[in-house]
Amino acid sequence: MNRILRRLKPETPTTDPLLLRHLTISPISSGSPPPPLPKTDDPSLVSKVATLLEATHPNDWTTNAHLRHLLFPPAPSPVPTPLSLLRITRRLPTTAAALNFYEYIATTSPSPPDPQFLSSIFQAIFEIASREQQPDAKLDEILAMSKRLNIPLTVNSAILLVKSFGEAGMVDKSLLVYNELDQDRRNTHVRNAVVGILLKSGRVDDALHLLDEMLESGAKFRPNKKTMDVVFSALKKGTWVGRKLSAEEIVGLVSRFRENGLPLSKFLLGQLVMKLCRIGSSNRAWELLHEIMKLGSNHVDVGSCNALLTCLSREQEFEKINIILKEMKENNVQPNVVTFGILINHYCKFRRMDDALEVFKNIKEGSDGISVRPDVIIFNTLIDGLCKVGRLREALDLMDQMRLEHGCMPSSVTYNCLIDGFCKAGEIDRGHELFDRMKEEGIMPNVITLNTLVDGMCKNGMISSATEFFNEMQEKGLKGNAVTYTALINAFCNANNIDKAMNLFDEMSKSGCIPDVRAYFTLVFGLCQAGRVDDASFIASMAKKAGFGLDTICYNALIGGFCRKGKMDRAYEMLKNMEQDGVKPDTVTYNILISYFSKAGDFETAHRLMKKMINDGFVPTVVTYGALLNSFCLVGNLDEGMKIFRDMSSTSRVPPNTVIYNILIDSLCKNQKVDVALSLMDDMKTKGVRPNTTTFNAMFKGLCEKNLLEIALKYMDQMTEEACDPDYITMEILTDWLSSVGKIEKLRSFVQGYRVSDSTAESALLNGKLGS
DNA sequence: GTAGGGTTAG
């Protein structure tokens, strides 16, 4: 003991006595009742002794008559109870002081002290030690000491030790404490602690074994509510190290708990289902709910079903959703407004608006025997869904309907959805009209309203109006947030006004808006796009400092940017950073590098990278081949280009797309191989690859040079037929050529076809439909 | 239930 005292004594006591006091009087574990005690307990004794101990140096305790009188009063005065001693010891500041006190009691007691006394003192010592530095080593030493002194652990000591060791990862030590504990002290509280530790550390089988013991008929220590809590909260946390409890095991426990008078509440089942869903174990949630259903329909409520339905909707499990709905019916679980909300939302997400409206119609009419009053959430979901598919008229009608037929007031969400719908359709004015109307109706616009309008204006080329509107709103007290700034930053980047974008980024922080990931990355991408990669990498490093680690896409943008600038050293630096951050390169990363090296004429490195790419488990894509192909064509190596093209369609099974054909056709035409280019045009038709404006432009250039007018006229018709819009390059080539050969009329009708191309396409579609 | 960003080949 002296060894321990020597080790513990030099330590300074905790600096904050107030905190210490607060901590020391709090019980160590909830729900653990203190051992039964004689009634001779005097609460004033505790403070008297504690004050005395505090005021006296430990060396003088033995000689202090007052202290001795208080603790060992002469008969027949009542002696302090173990609880009093526990409380006195708890008031001592350090483990060292507490051990001193133990020594004082052990040596000063006139008669051999009651073992219960000593156990209580040790409980307090454990409590103090658990709050000091390096608690586990200290607890271990004090435990060894109590064993040597033959002082049995109290139940609370055991719980404290089990938890402390367990949480420090020393599960075997926890078990040892439990196994060495007196049989009659291994009560439900201690067992709960052990079960909790075992589950947390992934020793599921040990935990189940112990639970079995508790659940056995005739067991002395039965499980209680806390046992259920321990088991199910461990399950909810989902931080399993070892194997997972299967749904059957969970259900087995649930039913055995119930046999012990501990039914799983419907609420807890719902929580469990939700938790399992959230951690991505929807299969286990599914199994759990079904196992519980098997126990009888009255154990499942609509909340649990809704939890699972939400999850199934997110995971696009259409069939399973229908099964649950059917089972709800069979088990007489009444769907509620939330259930229908989930269903409607599900259909809306997949743009199946007619199905969503069908559900809506059914609940209104109660055609399934269930009528539910649709609430504002149902309406908003539908209105948003309609807006997202461009059915704006119906969305507006539905708002009227909710107001007039259902007495349901629209909310700011209702208006936000509608405003977004109109903005996305390019009808900014209608968006503003709705904005005014909502204010007239007394519905306050919020920051989402502001952002919707600002973004709508930005996306429709009204950047300065958007900025004005934003400023105006700010003055009126509607503050923007990171989203507002991001919309504007993005718009200015797209308008190639990088400086303004940078200024806004500054302004954002100054106005108290903390930039988030999207704000940072928007600027990073904008800067990369504008070729200002150094600035981009500076902003990226700011993002990192702010705690937003760059992802693969962000790194790709930077690497691509540096490659385009020919700054290979910086590109390598980025690759290195990427590796250090543990961010994995993907196909795009490889494509960027392959493109760079092949463009630089270093086909050897490009091929090496392609091999590495395959070794890393990636499959070269059409972009990979396109990068190589383009470079071969650029250096005039058309044979190699055609070889890649043939490889793609045969061995590597990457079907060429329009871009691939464009590269080849362009190159062939430029190299006076118009005939081969023409055969590729036929090939596209056979393979069903649609030519686009670039394809035709390349072809026209080649045909013009060879003066193959008839073929060019044919392709002009094809463009019109396929609603492929000519651009200024097309017009440049054709205007010169056709006017020089007197085909002005043809040119005019071609342009007209272009102007009415939309309706042409529409009628063509319509005719096709009618004809089939 | 409502708002913002994104990488590679022509």
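Below, read A as the first sequence line, B as the second, and so on, with proteins coming before strands; counting in each chain starts at 1.
- Under the 4.5 Å side-chain criterion, counting only non-hydrogen atoms from C-beta, A/V654 is not in contact with A/P620.
- Taking the six-membered ring where the residue is Trp, A/F597 and A/Y572 present tilted rings, their angle falling between 30° and 60°.
- In this pair, A/F632 and A/H607 present their aromatic rings tilted. The plane angle is within the 30 to 60° band.
- Using a 4.0 Å heavy-atom cutoff across all strands shown, A/T381 reaches sugar-phosphate atoms only and no base atom.
- Contacts of A/S411 with the nucleic acid, taken as non-hydrogen atoms under 4.0 Å apart, include base atoms.
- Computed from coordinates, the A/I419 CD1 to B/dG4 C1' distance equals 16 Å when rounded to whole Å.
- Residue contacts shown for A/N657 include a base, since a base heavy atom lies under 4.0 Å away.
- Taking atom CG of A/L634 as the reference point, atom P of B/dG10 lies 8 Å away to the nearest angstrom.
- For B/dG10, one of the phosphate oxygens OP1 or OP2 lies less than 4.0 angstrom from a side-chain nitrogen or oxygen of A/N630.
- Listed nucleotides: B/dT2, B/dA9, B/dG4. Nearest to the side chain of A/S595: B/dA9.
- Note: CG (A/L453) to P (B/dG4) measures 12 Å, nearest angstrom.
- At a threshold of 4.0 angstrom between heavy atoms, the contacts of A/A698 with the nucleic acid are absent.
- In this structure, the OH atom of A/Y520 is 17 Å from the C1' atom of B/dG6, given to the nearest Å.
- Spacing between atom CG of A/N460 and atom C1' of B/dA3 amounts to 15 Å, rounded to whole angstrom units.
- If you check B/dA3, B/dG10, B/dG5 against the side chain of A/N692, the one that comes closest is B/dG10.
- A/N494 comes within 4.0 angstrom of nothing in the nucleic acid, heavy atoms only.
- Considering only heavy atoms from C-beta on, A/L343 comes within 4.5 Å of A/L325 through its side chain.
- Closest to the side chain of A/R518, from the set B/dG6, B/dG4, B/dT2, is B/dG4.
- Residue A/V622 is classed as a base contact, given a heavy-atom separation below 4.0 Å to a base.
- One N or O donor and one acceptor, one from the side chain of A/D516 and one from the base of B/dG4, sit under 3.5 Å apart.
- Out of B/dT2, B/dG6, B/dA3, the shortest distance to the side chain of A/K424 is found at B/dA3.
- Between the side chain of A/N451 and the base of B/dA3, at least one donor-acceptor pair of N or O atoms lies under 3.5 Å.
- You'll find that the side chain of A/N490 is closest to B/dG5, out of B/dG5, B/dA9, B/dT7.
- Among B/dT2, B/dG10, B/dG4, the nucleotide with an atom closest to any side-chain atom of A/K388 is B/dT2.
- Base engagement by A/V376 is indicated by at least one non-hydrogen atom pair under 4.0 Å involving a base atom.
- Nucleic acid contact for A/D666: none, since no nucleic acid atom lies under 4.0 Å from a heavy atom of the residue.
- In this structure, A/H406 and A/F360 have tilted ring planes: the angle between them lies in the 30° to 60° band.
- Here the nucleotide nearest the side chain of A/N591, chosen from B/dG10, B/dG5, B/dT8, is B/dT8.
- The distance from atom CG of A/L527 to atom C1' of B/dG6 is 13 Å, rounded to the nearest whole Å.
- The residue A/K349 sits apart from the nucleic acid: no heavy atom pair falls under 4.0 Å.
- The side chain of A/V483 has B/dG4 as its nearest neighbour among B/dG4, B/dG10, B/dT2.
- Residue-level contact check: A/D551 touches the bases, meaning some heavy atom is under 4.0 Å from a base atom.
- Side-chain N/O atoms of A/K459 include none lying less than 4.0 angstrom from OP1 or OP2 on B/dA3.
- Proximity note for A/D455 (side chain, C-beta onward) versus B/dG4, B/dG10, B/dT2: the nearest is B/dG4.
- Ring orientation note: the planes of A/F548 and A/Y520 are tilted relative to one another, at an angle of 30° to 60°.
- When distances are taken from the side chain of A/N481 to each of B/dT7, B/dA3, B/dT2, the shortest belongs to B/dA3.
- Rounding to whole angstrom units, NZ of residue A/K479 and P of B/dA3 are separated by 24 Å.
- The side chain of A/K599 contributes no N or O atom lying less than 4.0 Å from OP1 or OP2 of B/dT8.
- Here the C1' atom of nucleotide B/dG6 and the CD1 atom of A/I539 are 16 Å apart, to the nearest Å.
- Here the CD1 atom belonging to A/I559 is positioned 9.0 Å from the CE atom belonging to A/M568, to the nearest 0.5 angstrom.
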